[in-house]
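For reference, the structure discussed in these notes is given below.
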Amino acid sequence: MPGKFAGARWALLKNPGTLTKRQGLALLAIKQRGGALWRAYEMKESLRAIFAGDLEIDEVNEMLDHWCKRASRSRLSSFIRLSKTIRTHRDGILASIRLGVSNGRVEGLNTKVRSIIARSYGFHSAKATLALVMLACGPIDLKLPYERASLST
């Protein structure tokens with residue numbers, strides 16, 4: 001038998017501004033019910049707001065302090081662990097926000113390379129896999145024969 005909030009997974013994961021009507025209703029039902037699930041959702045959204053990129057570093061610092069204190073008292077083990085991790089890496093987090101850097105592009109590239117490697121099982125050599133990775137991700141600018149001919153005329 002499905003739970004009371006069956007189908008609410010995407011409502012909990014998505015940006016609240018992009019929810020469908022059905023997802024909005026599911027989120028409203030969770031809010032009305034309250035409890036640990038709603039507290040976890042609120043904690044997730046408040047942390048997302050801190051990292052949205054539209055705050056000054058002093059505001060981020062203050063809000064991060066407040067969030068970590070709240071998370072430590074939340075009785076939600078995942079958030080308690082996360083608050084400890086944030087406190088441990090606080091200087092790096094604040095530097096990343098101040099400088100506006102992220103490892104998102106590198107993680108995206110890693111995912112793409114892993115996907116290519118998974119597809120390349122059965123290739124006769126690692127050279128072929130590396131060639132495919134370079135073709136998809138590298139700085140290779142291929143010109144097809146008909147493109148080269150039109151450029152030279």
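For the numbers below, each heavy atom of this structure counts, side chains included, while hydrogens, waters and symmetry mates do not. Everything numeric here is computed off the predicted structure, so don't read it as measured data.
- In this structure, Ala136 and Lys112 approach most closely via the heavy-atom pair O-NZ, 3.4 Å.
- For the residue pair Asp54 and Ala49, the shortest heavy atom distance occurs at OD1-O, 4.2 Å.
- Taken from CG in Leu64 to CZ in Arg90, the straight-line distance is 5.0 Å, to the nearest 0.5 Å.
- With rounding to the nearest 0.5 angstrom, the CG atom of Leu135 is 11.0 Å from the CG atom of Leu130.
- Glu56 has its side chain within reach of Glu59: a pair of non-hydrogen atoms, C-beta onward, lies under 4.5 Å apart.
- At distances below 3.5 Å, not a single donor-acceptor pair connects side-chain atoms of Ser115 with backbone N or O atoms of Thr111.
- For the pair Arg48 and Asn15, the minimum side-chain heavy-atom distance is below 4.5 Å.
- Interatomic distance, Ile30 CD1 to Leu37 CG, rounded to the nearest 0.5 Å: 4.5 Å.
- Closest approach of Leu12 and Lys44 over heavy atoms only: O-NZ, 2.9 Å.
- In this structure, Ile86 CD1 and Ile93 CD1 are separated by 5.5 Å, a value rounded to the nearest 0.5 Å.
- To the nearest 0.5 angstrom, Ser46 atom OG is 10.5 Å from Phe51 atom CZ.
- By the 4.0 Å N-to-carboxylate-O rule, Asp65 lies too far from Arg87 to be salt-bridged with it.
- Leu47 and Leu76 fall within a single hydrophobic cluster, where Ile, Leu, Val, Met, Phe, Trp and Tyr side chains are chained together by heavy-atom contacts under 4.5 Å.
- When the side chains of ILVMFWY residues are joined at heavy-atom separations under 4.5 Å, either directly or via intervening members, Ile80 and Trp38 end up in two distinct hydrophobic clusters.
- Ser96 places no side-chain N or O within 3.5 Å of a backbone atom of Gly92 that could act as its donor or acceptor partner.
- The heavy-atom pair separating Ser74 from Phe79 by the smallest distance is OG-CB, 4.0 Å.
- Linking ILVMFWY residues whenever their side-chain heavy atoms come closer than 4.5 Å, directly or via other members, places Phe123 and Ile116 in the same cluster.
- Placement of Leu55 and Leu94 within a single hydrophobic cluster is found when ILVMFWY residues are connected by side-chain heavy-atom separations under 4.5 Å, directly or transitively.
- The CG atom of Leu19 sits 12.5 Å away from atom CH2 of Trp10, with the distance rounded to the nearest 0.5 Å.
- The minimum heavy-atom distance linking Leu27 with Ala11 is given by the pair CD1-O, 4.1 Å.
- The number of heavy atoms from other shown groups lying within 6.0 Å of NZ (Lys69) does not exceed 12.
- Residues Gln23 and Thr18 approach most closely at OE1-O, 4.3 Å, considering heavy atoms.
- Defined by atom type and a distance below 3.5 Å, a donor-acceptor pair is missing between the side-chain atoms of Ser83 and Trp67.
- Salt-bridge annotation for Glu42 and Arg70: present, with a side-chain N of the basic residue lying under 4.0 Å from a carboxylate O of the acidic one.
- In this structure, Glu62 places its CD atom where only 12 or fewer heavy-atom neighbours from other residues, nucleotides or ligands lie under 6.0 Å away.
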